[in-house]
Amino acid sequence: MKFTVLHKDKNSSARTGIFATAHGEIKTPVFMPVGTGATVKAIHQRELAEDLDARIILGNTYHLYLRPGMEILEKAGGLHRFMNWSRAILTDSGGYQVFSLSAMRKLTSEGALFSSHIDGSKHMFTPENIVDIQRCIGADIIMALDECAPFPCDHRAAAKSIELTHQWLARGFERFSGTKPAYGHEQSFFPIVQGSVHPDLREASAKEIWKYPADGYAIGGLSVGEPEAIMYEIVKIVTDILPVEKPRYLMGVGTPVNLLESISLGVDMFDCVMPTRNGRNGMLFTRHGILNMRNNKWKDDFSPVDTDGTCFADHSYSKAYLRHLFISGEILGAQIASLHNLSFYLWLMSEARKQIEEGNFAEWKAVMVKQLARRL
RNA sequence: UCCUCAGUAGCUCAGUUGGUUAGAGCAUCUGGCUGUUAACCAGAGGGUCCUAAGUUCGAGUCUUAGCUGAGGAG
């Protein structure tokens, strides 16, 4: 897969680029909607392609392995065909589940032993089989198995953790290099930087993963509870080290402000559950600030959901109607809010690209950051 | 007319032999959510315990009368 940097911002590390995959071209910076279990929750594939023009979405190895399971995905001919999505897919390795489901797993030198959250059954994930599974899913981008350290994590524990992540990376890379794509199309493998909030460990980890030739590099283990200023500091340390000619993927981040700040630090790819999860829970992101659609104040506000919104739902429905849907527990509320939020996130990325190209990124970002933080 | 049962938060109801500041679910309002175990989670507001009198150190709880509702008898 080929990544080309197109424009570099003069005043920051922000850049635009284009990432060519077997399932289409992706303009960066890009936001990847999260579709953990072969669906971006509450969003139809047709909306994803036609209304949102999403070029790449995320799947999750742990969740897909448990359900529907590899036998079904293999019979289906891979995830693209199974879910009728012909554009790119990146699969998370399950490294985050090592963290978020820590109560039901055990780490060994071999890998991570999991109890399924669905039926309690035991499963072993190793750096090798997690590559095999992602090959079988047919992901365009395969993520290495890593350990996402919790916050806080002292230096000693974080040092031990990156040691494990680096060992797993070596094994995962070897498996990736020694195997072929399952369905004929090219697949890439992204290593992941860890090291918690410790600058020296992050630096060491970034230098370590750079040793492996890859189509892109990821920054993991952030936005797990640390102050945002520290997150930016760590992102900067890492992006200053990672090769400029490869895309940098900041995993799991974040708020609209997080995205703009990280873009200026040289990040190219993002994913986050926020637009979809918060949308399902009644929260809307707009260029003028955030709204809680459950609030009583919207009950007789018949203005459009978002006057400046870019998707049809923003102009087809009123705030009063959307509030009614949430208060009533109607499923359409979650659909409209998810569509709106993803539409906003993708607009924010395309606008950032435009501003970088035109050389106005810093000024535009300063204005946006103020607006985005407002509560409407 | 008589008998029985019931009356506690906006709604549906708990509330032990009388014993701290009367609770729950739902509803309402307000937060939170960052590589999804989440259409989820948390917090708050909300009370003339039908009314009045009595017994008691102390009554949502016991006694009497009344009011309202449901059912039954004639």
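Quick caveat, the model's predicted, so the values are computed rather than measured. Convention: sequence-line order gives letters A, B, ...; per-chain numbering from 1.
Between A:His340 and A:Thr286 there is a side-chain heavy-atom pair separated by less than 4.5 Å.
Only the C1' atoms considered, B:C33 is 30 Å distant from B:G10, to the nearest whole Å. Atom name P, nucleotides B:G45 and B:G7: the rounded distance is 27 Å, in whole Å. Comparing the P positions of B:G47 and B:A22 gives a spacing of 12 Å, expressed to the nearest Å. If you take atom P in B:U20 and the same atom in B:G60, they sit 10 Å apart, rounded to whole Å. Taking atom C1' on both nucleotides, B:U51 is separated from B:U8 by 15 Å, rounded to a whole Å. B:A53 and B:U17 are spaced 28 Å apart, taking the P atom of each and rounding to whole Å. The C1' atoms of B:U30 and B:G15 are separated by 30 Å, rounded to the nearest whole Å. B:U63 sits 16 Å from B:U56 when the P atoms are compared, rounded to a whole Å.
Regarding A:Asn278, its CG atom lies at a distance of 11 Å from the C1' atom of B:U36, rounded to whole Å. In this structure, A:Ile230 places its CD1 atom 16 Å from C1' of B:U34, rounding to the nearest Å. One interatomic measurement links the two molecules: CG of A:Asn296 to P of B:G31, which rounds to 11 Å at whole-angstrom precision. In this structure, A:Asn292 atom CG and B:G32 atom C1' are separated by 10 Å, rounded to whole Å. We find that CD1 of A:Ile43 is positioned 17 Å from P of B:U36, with the value rounded to whole Å. In this structure, A:Met283 places its CE atom 11 Å from P of B:G31, rounding to the nearest Å. Taking atom CD1 on A:Ile130 and atom P on B:G35, their separation rounds to 18 Å, with Å as the unit.
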Can you give one letter per nucleotide of nucleotides 38-46 of chain B, going 5' to 3': B for a protein heavy atom under 4.0 Å from the base, S for sugar-phosphate only, - for none? BBB------
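Between the side chain of A:Asn341 and the main chain of A:Pro275, a donor-acceptor pair closer than 3.5 Å is present.
For B:G35, neither phosphate oxygen OP1 nor OP2 lies less than 4.0 angstrom from any side-chain nitrogen or oxygen of A:Asn60. Taking 4.0 angstrom as the limit, A:Asn295 places a side-chain polar atom (N or O) nearer than this to OP1 or OP2 of B:U30. Here A:Ser223 does not reach the OP1 or OP2 of B:U34: none of its side-chain N or O atoms lies under 4.0 Å away.
The stretch residues 319-327 of chain A touches RNA chain B through A:Arg323, A:Ile327, each having a heavy atom within less than 4.0 Å of the strand. Across residues 78-112 of chain A, A:Asp92, A:Tyr96, A:Gln97, A:Ser100, A:Leu101, A:Met104 each have a non-hydrogen atom less than 4.0 Å from an atom of RNA chain B (numbered order).
In this structure, B:C5 forms a base pair with B:G69, meeting either the Watson-Crick or the G-U wobble geometry with both donor-acceptor distances under 3.5 Å. In a base pair of the Watson-Crick type (N1 to N3 plus N6-O4 or O6-N4) or a G-U wobble (N1-O2 and O6-N3), with each distance short of 3.5 Å, B:A42 is matched with B:U30.
Taking both residues in full, the closest heavy atoms of A:Lys246 and A:Ala214 are given as NZ-O, 3.1 Å, listed atom of the first, atom of the second, then distance.
Put simply, the side chain of A:Asp146 and the base of B:G35 share a donor and an acceptor less than 3.5 Å apart.
Looking only at atom types and distance, the side chain of A:Asp271 has a donor-acceptor partner in the side chain of A:Tyr249 under 3.5 Å away. A:Ser93 and A:Thr61 are not linked by any side-chain donor-acceptor pair at a separation below 3.5 angstrom, with hydrogens and angles left out of the test.
Of the listed nucleotides (B:G35, B:U36, B:U34), B:G35 has the atom at the smallest distance from the side chain of A:Gln194.
Base contact: A:Gly221 has a heavy atom under 4.0 Å from a base atom.
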